[in-house]
Peer 1: 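I'd like to ask you about the structure that follows.
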Amino acid sequence: MTTTDTTAAGAGEPAAETCHTGTGSDKGHNHGPHGYSKQKDLHLKRLRRIEGQIRGLQRMVEEDVYCIDILTQVSAGTKALQSFALQLLQEHLRHCVADAAVKGGDEIDTKVAEATAAIARLLRS
């Protein structure tokens, strides 16, 4: 999904999709088009489905469902979140890291370090 920028690109022309880096209170990440932006609606739908799974877990506990059945659903929710995380990581690599590689300079090292740290966090979870 591209955005329309009426100041920089001219009235009605689509703005280029980029992964932003900069400075500020948001740890150098500006809000704007990211690798996942084209699939945003699908991602939100997927997250709502995962949210439903978590709410289902709450209901199971409220209804005193057998613990093994709850653990089975916890495992399903965990797998769903892991799958979502891997999809985001793939989109980050294809969009943000690839964009930084094309631009060259120090940005590629920053993007690779970010991706590496994200992978390490996923492996620890």
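These numbers were taken from a predicted model, which means no experiment stands behind them.
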Peer 1: Do the charged groups of R94 and E91 touch, with an N to O distance under 4.0 Å?
Peer 2: no
Peer 1: If you look only at pairs with a residue in residues 68-90, which of them pass as a ring-ring contact (aromatic ring centres under 6.0 Å, His included), with sequence neighbours excluded?
Peer 2: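 Sorted pair list: H43-F84.
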Peer 1: Check side chain to side chain contact (heavy atoms under 4.5 Å, CB included) between L93 and all other residues, then give those that pass, not counting sequence neighbours.
Peer 2: L89, V97, A115
Peer 1: Could you work out, with side-chain hydrogen bond (donor to acceptor under 3.5 Å, both in side chains) as the rule, every residue matching Q82, not counting sequence neighbours?
Peer 2: none
Peer 1: Hey, is CG on D106 packed in by over 12 heavy atoms from elsewhere, all under 6.0 Å?
Peer 2: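 Atom CG in D106 is not packed in, count stays at 12 or less.
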Peer 1: Report the residues that fulfil salt bridge (Lys or Arg N to Asp or Glu O under 4.0 Å) with R55, sequence neighbours left out, ordered by chain and then residue number.
Peer 2: E51
Peer 1: Roughly how far, to the nearest 0.5 Å, is CG of L81 from NZ of K79?
Peer 2: 12.0 Å
Peer 1: Enter the distance from Q90:CD to H95:NE2 here, rounded to the nearest 0.5 Å.
Peer 2: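 Those atoms lie 13.5 Å apart.
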Peer 1: Taking it one step at a time, do Q39 and Q87 satisfy side-chain contact (heavy atoms from CB on, under 4.5 Å)?
Peer 2: CA-CA 10 Å; Q39 306 267 341; Q87 181 66 41; 5.7 Å; no
Peer 1: Going by side chain to side chain contact (heavy atoms under 4.5 Å, CB included), name the residues that satisfy it together with A80, two or more places apart in sequence or in a different chain.
Peer 2: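 I50, Q53.
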Peer 1: Under a 4.5 Å side-chain heavy-atom rule over Ile, Leu, Val, Met, Phe, Trp and Tyr, are L47 and L42 clustered together?
Peer 2: no
Peer 1: Can you name the residues that form a side chain to side chain contact (heavy atoms under 4.5 Å, CB included) with L123, not counting sequence neighbours?
Peer 2: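 Counting only residues at least two positions away or on another chain, L123 forms a side chain to side chain contact (heavy atoms under 4.5 Å, CB included) with I119.
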Peer 1: Can you name the side-chain hydrogen bond (donor to acceptor under 3.5 Å, both in side chains) partners of S83, sequence neighbours left out?
Peer 2: R46
Peer 1: Considering only distance and modelled atom types, tabulate donor-acceptor pairs under 3.5 Å from the side chains of residues 59-67, sequence neighbours left out.
Peer 2:
none

Peer 1: Using a strict cut-off of less than 4.0 Å between a Lys/Arg side-chain nitrogen and an Asp/Glu carboxylate oxygen, indicate whether D99 and K103 qualify as a salt bridge.
Peer 2: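 Looking at D99 and K103, the cut-off is met.
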Peer 1: To the nearest 0.5 Å, tell me how far L122 CG sits from R124 CZ.
Peer 2: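 Here the interatomic distance stands at 9.5 Å.
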Peer 1: Using only atom types and a distance under 3.5 Å, with no angle test, would you say the side chain of S75 pairs donor to acceptor with the backbone of L71?
Peer 2: no
Peer 1: Sequence neighbours left out, what pairs pass ring-ring contact (aromatic ring centres under 6.0 Å, His included) with at least one residue falling in residues 103-125?
Peer 2: none
